[in-house]
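Just so it is clear: chains get the letters A, B, ... in the order the sequence lines come, proteins before strands, and each one is counted from 1.
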Number of protein chains: 2
Amino acid sequence: MPLPSRVTDLTSFDLLRSVAELGSIGRAAQAHGMSQPSASERLRTLEARVGVTLLERTSRGARLTTAGQLVAGWAAQVLERAADLDAGITSLRADRQSHLRIAASLTVAEYLLPAWLIALRSVSPDTATVLSAGNSVHVAEQVLAQKADLGFIESTDVPAGLASRVVAKDELVLVVAPGHPWARRRRVSAAKAAATPLVSRESGSGTRQAWEHALKAAGITESAGPLLDMSSTTAIKAAAIGGIGPAVLSIHTVAADIAARTLVRVEVADVDLHRALRAVWPSGRTPRGPASDLLTIATRSLTDRADRR
Amino acid sequence: MPLPSRVTDLTSFDLLRSVAELGSIGRAAQAHGMSQPSASERLRTLEARVGVTLLERTSRGARLTTAGQLVAGWAAQVLERAADLDAGITSLRADRQSHLRIAASLTVAEYLLPAWLIALRSVSPDTATVLSAGNSVHVAEQVLAQKADLGFIESTDVPAGLASRVVAKDELVLVVAPGHPWARRRRVSAAKAAATPLVSRESGSGTRQAWEHALKAAGITESAGPLLDMSSTTAIKAAAIGGIGPAVLSIHTVAADIAARTLVRVEVADVDLHRALRAVWPSGRTPRGPASDLLTIATRSLTDRADRR
DNA sequence: AGGTGCACATAGGCTGTCCCTATGCCTCTG
DNA sequence: CAGAGGCATAGGGACAGCCTATGTGCACCT
């Protein structure tokens, strides 16, 4: 289901934020490199789309109304995430030669790296980074071949030749749509979970390996093949929400859906689905320079209990 | 500082998400009500902006590349928040008569309500809601005058005539820019904090009242006037980050900035800055219908430890 | 009281983006 | 080998958004 067109253009909301900050439409326009009339009109059409007066215009500037404060606050959340997205995209471009090469598993790259990159930028603004994402085997290869300065993996055991440090905790959860039979029981046996085909990422992905590994540790040797192989976390979530079948995903991915009850978490009895996310580097070759900075930032996020939301 | 234009148009990212979900550009186009060539071109220009191939196009559909999965994942975060924003905006429009009238303080409306509204929509899709935001006095008035079916306040004491239930915890924090003298010490006495002019919301706001109330409880009777009155949380944050001066804000507001070290949290010795956020309704008139549903949803968010991010 | 400056609004004209229809090319399948 | 499904390309048209120039209202100062 597509996003309503009312919120697809972030420019106007960004402009509103600038007005809140600078106290006048003209100065906000200047900050965005546009003319004052353009900004004025944009804000006017934004108000029309929202259907409520957002600004109190006076001859000495502009202030937000109560509704304007709310919209600006909600928009700020979107804009923060958009800044993460932008930081991520920047790290994907491998055009210039960069000072810091990172290899990371998908879970780490998706949920933790953007914030780290933004923090890194405030420490050393001139560090250009390149990100190479793949499964844990890929990451290990890149780091060992010195094609990456620092790696991040989600596998339970550290590949030979690599030193590591835990930088975050993760937990896999089994989720189903609210209408699914398991949703009422909220608990299922390991054997039953293993025997049921799941919607999952393609084999070789860290999440899928961790799931199979955890089942094996619980004494389950045989498990059903996947119900459906999807190409991304997003697609898996959509399939699970649509009721195609149960899915196993990182808690990070589905926390919002569990809170909103679009997905229901089902406990898997006697299976430990916790796992550590680790930074890795070649043994005996301690990271230095930007890689060391990033490692510090990543480690810090584990100790800080100021969970970013 | 304006957001890079690379990420201001969410339509293309939403389209990418649909491709991941549906497995083909054509079907994604259909889901968005646009022609297949338009979608194809949008995705092509998106790839150009990102600078990396996102899709593997075959004659049997399209799949995301690894980079595409990452971008889709990051974009999903933005889109989730955009959905919150849209839900909030919808609740501000008072055009149609609605079944559920809510009055809420700014903190609650900004950080908790959108998610609740989305959850409510999945319970009873036809409930139209209207939100009226203001300080706790305003909320109490609205609820007592039966102009609102349910209210949410952030004040420590419940106004007379209202019954209440705690639905969330909040905590105020004192933050400064990293370059501020207090940033190194990370702790400051209550007297010193009170004697220093702060960047703050205008008087009458719940946050400012709570701060003054907490200082009084700690035995501080005299406090400095504000350094600067700003019109919105966003503006206060920007001023604090810019080094204008210390600010006191809800932990929700600044968690991301503390994690990214753009702001530094400073403990205030011997002052308790915790507070409860409460739902309120007229005594003896227990909420029913949609109001009861919303109350259930809001209460649930306190017990669930699946913190939405 | 009048003038001046500042900030936002309005008008008119232009550019560019985006979307649609029609069509072509490729590949897999029966 | 023919057909169907899926993506790419081409061309034309509509609309949104921006800029410059100018108008309007309010506050403050003399």
Quiz prompt | Pair listing, salt bridge (Lys or Arg N to Asp or Glu O under 4.0 Å) test, anchored in residues 66-76 of chain A, at least two apart | solution = none

Quiz item: Which nucleotides of nucleotides 20-30 of chain C have their base under 4.0 Å from a protein heavy atom (B), which only their sugar-phosphate (S), and which neither (-), written as one string 5' to 3'?
Solution: BBB----SSS-

Exercise. Classify the nucleic acid contact of Thr58(A) as base, sugar-phosphate or nothing, counting any heavy atom under 4.0 Å across all strands shown.
Key: sugar-phosphate

Quiz prompt | Presence of Arg27(A) side-chain N/O under 4.0 Å of dA7(C) phosphate oxygens OP1/OP2 | solution = yes

Quiz item: Can you find a side chain N or O atom of Arg42(B) that sits less than 4.0 Å from OP1 or OP2 on dC19(C)?
Solution: yes

Self-check item: salt bridge (Lys or Arg N to Asp or Glu O under 4.0 Å) partners for Glu154(B), two or more places apart
Solution: Arg275(B)

Self-check item: Those residues that, when tested against Arg27(A), pass salt bridge (Lys or Arg N to Asp or Glu O under 4.0 Å) (two or more places apart)
Solution: none

Practice problem: Walk along DNA chain D from 5' to 3' and tell me the first and last nucleotide with an atom closer than 4.0 Å to a non-hydrogen atom of chain A. | Solution: dG17(D) to dC28(D)

Exercise. Establish, from distance only, whether the side-chain atoms of Arg42(A) and Ser12(A) form a donor-acceptor pair under 3.5 Å.
Key: yes

Can you check the [X] [atom1] to [N] [atom2] distance for me, whole Å?
{"X": "Glu47(A)", "N": "dA9(C)", "atom1": "CD", "atom2": "C1'", "result": "13 Å"}
{"X": "His32(B)", "N": "dC18(C)", "atom1": "NE2", "atom2": "P", "result": "16 Å"}
{"X": "Leu22(A)", "N": "dA7(C)", "atom1": "CG", "atom2": "C1'", "result": "14 Å"}
{"X": "Glu56(A)", "N": "dA7(C)", "atom1": "CD", "atom2": "P", "result": "17 Å"}
{"X": "Leu46(B)", "N": "dC18(C)", "atom1": "CG", "atom2": "C1'", "result": "15 Å"}

Quiz prompt | Pairs flagged by side-chain hydrogen bond (donor to acceptor under 3.5 Å, both in side chains) wherever residues 49-66 of chain A is involved - sequence neighbours left out | solution = Glu47(A)-Arg57(A)

Exercise. Quantify the bending of the helix from dA1(C)-dT30(D) to dG30(C)-dC1(D) as the angle between its end axes, each fitted on five pairs, to 10°.
Key: 20°

Exercise. Please figure out whether Asp9(A) or Gly26(B) has its closest DNA chain D nucleotide nearer the 5' end.
Key: Gly26(B)

Quiz item: Taking only residues two or more places apart in sequence or in another chain, which ones pass side chain to side chain donor-acceptor pair (under 3.5 Å) with Thr8(A)?
Solution: none

Please list, chain by chain and in numerical order, all residues satisfying side chain to side chain contact (heavy atoms under 4.5 Å, CB included) with [X], sequence neighbours excluded.
{"X": "Ala238(A)", "value": "Glu21(B)"}
{"X": "Pro114(B)", "value": "Trp74(A), Asp84(B)"}
{"X": "Ala82(B)", "value": "Leu3(A), Val7(A), Val78(A), Leu10(B)"}

Quiz item: Is Thr90(B) reaching over with its side chain to a backbone N or O of Asp86(B), donor-acceptor style, under 3.5 angstrom?
Solution: yes

Exercise. List for me each residue that meets ring pair (Phe, Tyr, Trp, His ring centres under 6.0 Å) alongside His138(B), sequence neighbours excluded, and say none if there are none.
Key: none

